[in-house]
Amino acid sequence: MGPVALPAWLQPRYRKNAYLFIYYLIQFCGHSWIFTNMTVRFFSFGKDSMVDTFYAIGLVMQLCQSISLLELLHIYVGIESNHLLPRILQLTERIIVLFMVITSQEEVQEKYVVCVLFIFWNLLDMVRYTYSMLSVIGISYAVLTWFSQTLWMPIYPLCVLAEGMYFTYNHLYSERRDILRVFPNKKKM
């Protein structure tokens with residue numbers, strides 16, 4: 001009797017993809033909840049909702065950003081293909097702004113810029129995690145790919161104005177160029 005073959009879902013490649021899918025799904029749900037909550041609050045309370053944004057969704061935002069640190073481990077151990085340095089810079093930027101500037105200073109928490117920054121971060125992350133979640137299981141939509149590689153172009157400069165960080169912007173632009181250049185040559189699965 002020879003060795004018994006493992007079912008497909010137990011093979012290392014499938015376990016990695018299942019893990020990444022679940023990770024992206026959790027992040028998508030967290031960022032979607034934040035974005036939806038902010039939108040509903042804005043339509044319910046108007047500009048008044050912007051002042052207490054941090055009090056309403058700050059904890060979930062901190063949780064999502066803390067979990068995103070796993071992406072550095074993903075890249076380092078090779079289960080996610082991305083460049084480590086630009087991702088370190090982007091995450092460091094967000095962690096510093098969220099934890100060292102916004103969370104630690106109550107007078108900053110009530111500023112409109114916190115609401116605007118959270119809207120931008122969550123909009124970008126909802127699209128990015130949707131794209132990543134579907135990509136890991138082999139699903140590709142041209143519109144979603146274009147959107148995930150382009151949405152940051154108008155939004156990220158506004159975030160940079162609030163945070164600072166030019167290096168990440170350049171990396172995202174070159175990544176967009178590389179991905180969109182090869183996208184039409186790939187076949188749908």
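One-based numbering along the sequence shown. The structure displayed is predicted, hence computed values, not measured ones.
- Other members of the hydrophobic cluster containing Ile22, listed by chain and number, are Ile26; membership follows side-chain contacts under 4.5 Å among ILVMFWY residues, whether direct or relayed.
- Val77 pairs by the side-chain contact (heavy atoms from CB on, under 4.5 Å) definition with Leu73, Ile79, not counting sequence neighbours.
- Residues that satisfy the side-chain contact (heavy atoms from CB on, under 4.5 Å) test with Glu107, not counting sequence neighbours, are Gln105.
- Hydrophobic cluster membership of Met100, counting Ile, Leu, Val, Met, Phe, Trp and Tyr whose side-chain heavy atoms lie under 4.5 Å apart directly or via other members: Ile96.
- Side-chain contact between Glu175 and Asn82 is present, with heavy atoms from C-beta onward closer than 4.5 Å.
- Here side chain to side chain donor-acceptor pair (under 3.5 Å) pairs that include residues 35-44, with residues two or more places apart or in two chains, are Arg41-Asp52.
- For residues 60-82, the pairs satisfying ring pair (Phe, Tyr, Trp, His ring centres under 6.0 Å) are Tyr19-His74, Tyr23-His74, with sequence neighbours left out.
- Qualifying side chain to side chain donor-acceptor pair (under 3.5 Å) partners for Thr103, counting only residues two or more places apart in sequence or in other chains: Gln62.
- Among residues two or more places apart in sequence or in another chain, the side-chain contact (heavy atoms from CB on, under 4.5 Å) test is passed with Ile95 by Gln65, Leu69, Phe99.
- Within the structure, salt bridge (Lys or Arg N to Asp or Glu O under 4.0 Å) contacts touching residues 113-134 (residues at least two apart or in different chains) are Glu71-Arg128, Arg94-Asp125, Asp125-Arg128.
- Residues satisfying the salt bridge (charged side-chain N to carboxylate O under 4.0 Å, His left out) test with Glu80, not counting sequence neighbours, are none.
- Identified under the ring pair (Phe, Tyr, Trp, His ring centres under 6.0 Å) test for residues 24-68, with sequence neighbours left out: His31-Tyr129.
- Between Val136 and Ser132, the closest side-chain pair of non-hydrogen atoms is not below 4.5 Å.
- Scanning for side chain to side chain donor-acceptor pair (under 3.5 Å) contacts around Tyr131 gives an empty result, with sequence neighbours left out.
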